[in-house]
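The chain is numbered in sequence order, starting from 1.
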Amino acid sequence: MMPIRKYYLLLFLLSLVISSQAQILISNEAELRKIDIHPKGHYKLTKDIVLNHQWTPIGLNAAFEGIFDGNGRTISNVHINDSCHRHIGFFARTKNAVIKNLGIENAEVVAQSTENEINAGILIGEAISTKIINSYIHKGFVQSTGATGSFIGKVSRGKIPSKLLNIYSTANVVSDQSNAGGIVGNSENIIIENSYFSGWAKAKHSCGGILGLSVGDDSIASSVVISPSLKGSVVNRIVGEQRNGTLALNNNYARTDLQIENGTSFTVPFSNSFIKGMQGESIPYSHTDYISSFPDFTNADIATAVNAFNAGYYSNSKMIYYEYSSKTGKVAAIWTQAILFDIIMNNYLRTRDAKDFALMNNVLEGNRLHYANYDWDNGTVWFIYDDIMWWVISLARAYEATGDIKWLNLSKTGFERVWSGSKKLKDNGSYDPVNSGMYWAWDQAKPEGTPHSNMGKMACINYPTVIGAMTLFNITKDSTYFHRGLEIFNWAQNNLFDKQTGRVADSKHGKESLSWKDHVYNQATCIGAATMLYNATKNRKFLDDAILAANYTKNQMSTNGYLHFENGIEQGIYHAIFAQYIIRLIEDGKQYQYIPWLRYNINAGWANRIPSSGITYKDYANPAPDISLIQSYDASGIPALMQVIKPISEGEKQTNCLSRTFYKNNLNWDFNIWTISKSDKLPSLKIFDMKKNRRKYSNVR
């Protein structure tokens with residue numbers, strides 16, 4: 001039998017264990033100050049608390065390792081003026097802690113310590129493996145001599161990353177001697193998702209709208225910087241500077257009239273900014289916005305441009321396009337004819353005019369006569385898989401535009417010929433049944449064998465195969481096409497796609513390394529394939545891939561905002577392909593932020609046309625050269641873009657940071673958690689109701 005003293009000792013120890021796990025309710029300032037006694041406790045606010053005295057940070061001696069549930073309540077007037085300690089904030093230090101559902105208002109935190117490595121935040125000075133969820137900081141400021149952020153001064157590395165989810169700050173941030181970030185000053189290991197910062201930030205060294213300095217393994221996604229200004233020696237809109245480690249940035253945005261100062265102060269007026277809304281950034285922002293002096297194109301300009309293109313390159317007698325405007329010599333390449341036909345088809349779909357319908361049918365007929373009646377088994381004419389696949393896509397669309405079943409039948413037989421091979425030519429098809437993916441061509445000398453590595457699995461056959469399959473699936477509802485498209489897309493994303501940057505490789509040859517040369521048309525077909533799968537499945541991961549690829553094209557590949565162009569054989573056609581698939585992302589994916597950027601390109605390219613003929617060139621930033629130097633491929637980009645991007649209309653609403661549409665469609669924010677404030681049009685958290693927060697929120701629209 002257990003002795004009585006041991007029995008009571010056991011009960012006492014058990015009660016301590018139970019009490020350490022029990023939720024401790026807090027309703028006033030005095031109870032808040034007792035948290036330091038049990039730094040591993042589970043605390044919950046029951047009332048809004050207004051602090052009446054200078055605040056002594058929790059965790060100066062031992063880091064807070066518990067749970068702090070704000071319960072949709074607020075703590076106001078967190079005033080700290082500390083010149084002694086290294087870590088300053090409402091919590092000095094946290095480790096393995098969870099802070100959630102908390103609002104902090106009207107905070108003033110000043111930490112002018114003589115310590116070299118001071119860390120200061122309104123909420124936390126230094127955080128290790130800490131989660132902050134559904135919380136905000138409104139008004140006030142934090143200023144220190146060290147790493148400074150409104151939520152956290154410094155995130156140090158722990159066993160797991162710290163994570164901030166569904167948070168925002170309107171406070172101002174200043175680091176007099178070090179780095180500042182709107183949300184976090186310095187970080188070694190953090191994940192930030194669904195956040196925004198609308199205060200201003202200033203630092204002696206690195207300054208960023210979300211994170212000041214990244215020195216470890218950090219990730220920021222679906223976050224927005226709405227600040228009026230950022231200042232520092234190294235300034236970027238999302239992350240001020242990355243020195244080492246890995247930094248993953250996905251689908252982040254910043255306003256374009258944000259003032260940037262890194263020795264020289266400059267700002268771009270909102271009305272003159274080429275994007276006129278939000279600027280998507282896949283990498284830290286490091287250059288100015290681009291101001292266009294060119295007039296906006298009009299509907300009349302669209303008609304003029306397509307008519308000029310046809311006058312320059314289309315043969316009325318042969319009903320086919322030529323390479324050069326003289327209409328002598330070679331006709332345009334077989335695969336590019338499909339892209340040029342798409343321009344004419346889009347022109348008809350835009351105008352619904354009888355003469356445009358007739359032209360569309362004539363182009364189809366001219367190509368039929370020139371290219372062996374679309375006989376896919378003619379190995380002399382149709383000798384590369386991707387040539388056929390481009391036409392598979394265009395012919396399927398031709399059926400949608402005309403209702404003529406022969407075009408659909410040709411599209412279906414063309415797809416099967418690419419996938420499975422030709423009995424006549426004895427090749428086994430583009431599809432690799434062992435390793436998946438699609439080969440670019442077959443070995444003409446040994447067609448019955450497996451294509452050798454020299455043939456390569458090119459992006460220009462893999463992504464178009466997905467588009468062809470999904471186009472036929474949308475028309476026929478035959479699930480075979482869907483499953484084939486999904487399989488090839490998954491192979492392409494695993495083998496040709498950089499999931500961090502959105503960059504598409506050109507090809508993969510066997511087990512050799514990838515060819516990473518940037519091509520706009522590969523980016524375009526990746527965007528189109530991903531968007532079509534998103535439409536079919538409503539799986540957000542496909543849309544995110546499309547956005548990432550589009551942002552890479554716009555932010556990394558473009559120069560001064562102008563689409564990247566190339567001088568290789570037939571490569572001038574790439575912009576026309578980009579037009580075909582970026583519009584799918586814009587309209588089907590509701591990603592309207594790309595429209596102003598594309599208008600910026602169209603306005604420049606059209607203004608720099610040859611005045612006498614109306615022929616445009618692929619280098620939109622400069623006046624077009626003599627027409628004798630411009631191939632139809634090079635002249636196709638502006639007419640193609642004009643068919644899908646509408647001119648700006650009077651009174652047009654821009655989708656920007658002040659709209660629920662932007663946060664829902666572009667950032668995928670959950671409006672069961674967020675709402676939009678009527679007073680300032682910015683997102684706020686629904687858990688904080690009107691009485692608790694004394695701010696008026698609108699209903700979800």
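- For the 3.5 Å distance criterion, the side chains of N551 and Y594 qualify, holding a donor opposite an acceptor.
- Proximity of D386 to M458: side-chain heavy atoms (C-beta onward) are nowhere separated by under 4.5 Å.
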Can F473 and Y481 be said to form a ring-ring contact (aromatic ring centres under 6.0 Å, His included), step by step?
CA-CA 5 Å; F473 168 70; Y481 291 118; 8.3 Å; no
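- Ring geometry for Y463 against F489 counts as perpendicular: the plane angle is over 60°, on a 0 to 90° scale with 30° as the lower cut.
- Applying ring pair (Phe, Tyr, Trp, His ring centres under 6.0 Å) to Y663 and the options Y168, Y253, W674, W669 leaves one that passes, W669.
- Nearest heavy-atom pair across K618 and E566 is NZ-O, 2.7 Å.
- Evaluation of the salt bridge (charged side-chain N to carboxylate O under 4.0 Å, His left out) test over residues 473-484, restricted to residues two or more places apart or in two chains, returns E416-R484.
- If you take CG on L543 and OG1 on T531, they are separated by 6.5 Å, rounding to the nearest 0.5 Å.
- Of the possible donor and acceptor atoms, none in the side chain of W390 sits under 3.5 Å from a partner among the backbone N and O of T336.
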Checking side chain to side chain contact (heavy atoms under 4.5 Å, CB included) for the pair S411/Y399: CA distance, chi angles, key distance, verdict?
CA-CA 9 Å; S411 177; Y399 164 73; over 6 Å; no
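- In this structure, CD1 in I320 is found 11.0 Å from CG in L364, a value given to the nearest 0.5 Å.
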Could you walk me through whether F297 and I638 pass the side chain to side chain contact (heavy atoms under 4.5 Å, CB included) check?
CA-CA 11 Å; F297 73 98; I638 293 301; over 6 Å; no
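- Y534 and D588 share no side-chain donor-acceptor pair at under 3.5 Å.
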Does the pair I210 and N252 meet the rule for a side chain to side chain contact (heavy atoms under 4.5 Å, CB included), with working shown?
CA-CA 10 Å; I210 301 295; N252 302 298; over 6 Å; no
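- Taking the six-membered ring where the residue is Trp, W376 and Y374 present tilted rings, their angle falling between 30° and 60°.
- Residue pairs satisfying the salt bridge (charged side-chain N to carboxylate O under 4.0 Å, His left out) criterion with at least one member in residues 333-343, sequence neighbours excluded, are listed as follows: D342-R397.
- A donor-acceptor contact shorter than 3.5 Å is absent between the side chain of N250 and the backbone of S222.
- N299 and K646 share no donor-acceptor pair across their side chains, judged by distance under 3.5 Å alone.
- The salt bridge (Lys or Arg N to Asp or Glu O under 4.0 Å) search around K406 returns D404, not counting sequence neighbours.
- Minimum heavy-atom separation, I384 to A441: CG2-CB, 4.4 Å.
- By the side-chain hydrogen bond (donor to acceptor under 3.5 Å, both in side chains) test, T537 is found to be paired with no residue, residues two or more places apart in sequence or in another chain being considered.
- In this structure, S394 contributes its side chain and A338 its backbone to a donor-acceptor pair below 3.5 Å.
- Across all non-hydrogen atoms, the minimal contact from L667 to S223 is CD2-N, 4.2 Å.
- Distance alone, capped at 3.5 Å, places no donor-acceptor pair between the Q631 side chain and the E570 backbone.
- Using a 4.5 Å cut-off on side-chain heavy atoms (C-beta onward), I586 and I583 make contact.
- Among the candidates Y321, Y633, Y314, the single residue satisfying the ring pair (Phe, Tyr, Trp, His ring centres under 6.0 Å) test with F309 is Y321.
- For the pair I339 and A576, the tightest heavy-atom approach, listed with the atom from each and the gap, is CG2-CB, 3.8 Å.
- For the side-chain hydrogen bond (donor to acceptor under 3.5 Å, both in side chains) test, no residue two or more places apart in sequence or in another chain qualifies with H564.
- Heavy-atom minimum distance, H575 versus G637: CB-CA, 3.8 Å.
- Pairs engaging residues 341-365 under the ring pair (Phe, Tyr, Trp, His ring centres under 6.0 Å) rule: Y348-F357 [sequence neighbours left out].
- In I569, the CD1 atom is not crowded: 12 or fewer heavy atoms of neighbouring residues, nucleotides or ligands sit closer than 6.0 Å.
- Going from atom CG of L563 over to atom CD of Q523 covers 11.0 Å, rounded to the nearest 0.5 Å.
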Hey, mind stepping through L641 and Y620 against side chain to side chain contact (heavy atoms under 4.5 Å, CB included) and telling me if it holds?
CA-CA 12 Å; L641 285 164; Y620 304 152; 3.9 Å; yes
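- Within the model, atoms CD1 of I577 and CD1 of I527 stand 12.0 Å from one another, a figure rounded to the nearest 0.5 Å.
- Taken to the nearest 0.5 Å, the CD atom of Q643 stands 4.5 Å off from the CZ atom of R350.
- Legend: salt bridge (charged side-chain N to carboxylate O under 4.0 Å, His left out) pairs involving residues 351-360, not counting sequence neighbours: none detected.
- Listed by chain and residue number, T298, W606 satisfy the side-chain hydrogen bond (donor to acceptor under 3.5 Å, both in side chains) test with D301 (two or more places apart in sequence, or in another chain).
- T525 and N522 make their closest contact through OG1-O, 3.3 Å (heavy atoms, listed as atom of the first residue, atom of the second, distance).
- Judged as a side-chain hydrogen bond (donor to acceptor under 3.5 Å, both in side chains), and not counting sequence neighbours, Y313 has no contacts.
- For the salt bridge (Lys or Arg N to Asp or Glu O under 4.0 Å) test, residues two or more places apart in sequence or in another chain that qualify with E587 are R584.
- Partners of D670 according to the salt bridge (Lys or Arg N to Asp or Glu O under 4.0 Å) rule, which considers only residues two or more places apart in sequence or in another chain, do not exist here.
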Give the C-alpha distance, both sets of side-chain angles, the deciding distance and a yes or no for ring-ring contact (aromatic ring centres under 6.0 Å, His included) between H519 and Y574.
CA-CA 8 Å; H519 293 303; Y574 291 174; 5.7 Å; yes
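- Side-chain atoms of D634 do not come within 3.5 Å of backbone N or O of Y617 as any donor-acceptor pair.
- Side chain of S430 to backbone of Y439: a donor-acceptor contact under 3.5 angstrom is found.
- Of the inter-residue distances, the one linking T351 atom OG1 with N346 atom CG reads 10.5 Å to the nearest 0.5 angstrom.
- In this structure, S558 contributes its side chain and T553 its backbone to a donor-acceptor pair below 3.5 Å.
- Panel note: side chain N367, backbone V363; a donor-acceptor pair is recorded below 3.5 Å.
- Classification of the W382-W391 ring pair by plane angle, with boundaries at 30° and 60°, yields perpendicular.
- Looking only at distances, a side-chain donor or acceptor of T413 sits under 3.5 Å from a matching main-chain atom of L410.
- Side-chain atoms of M360 and T402, non-hydrogen and from C-beta on, do get closer than 4.5 Å to each other.
- The salt bridge (Lys or Arg N to Asp or Glu O under 4.0 Å) check on E400 picks up nothing, with sequence neighbours excluded.
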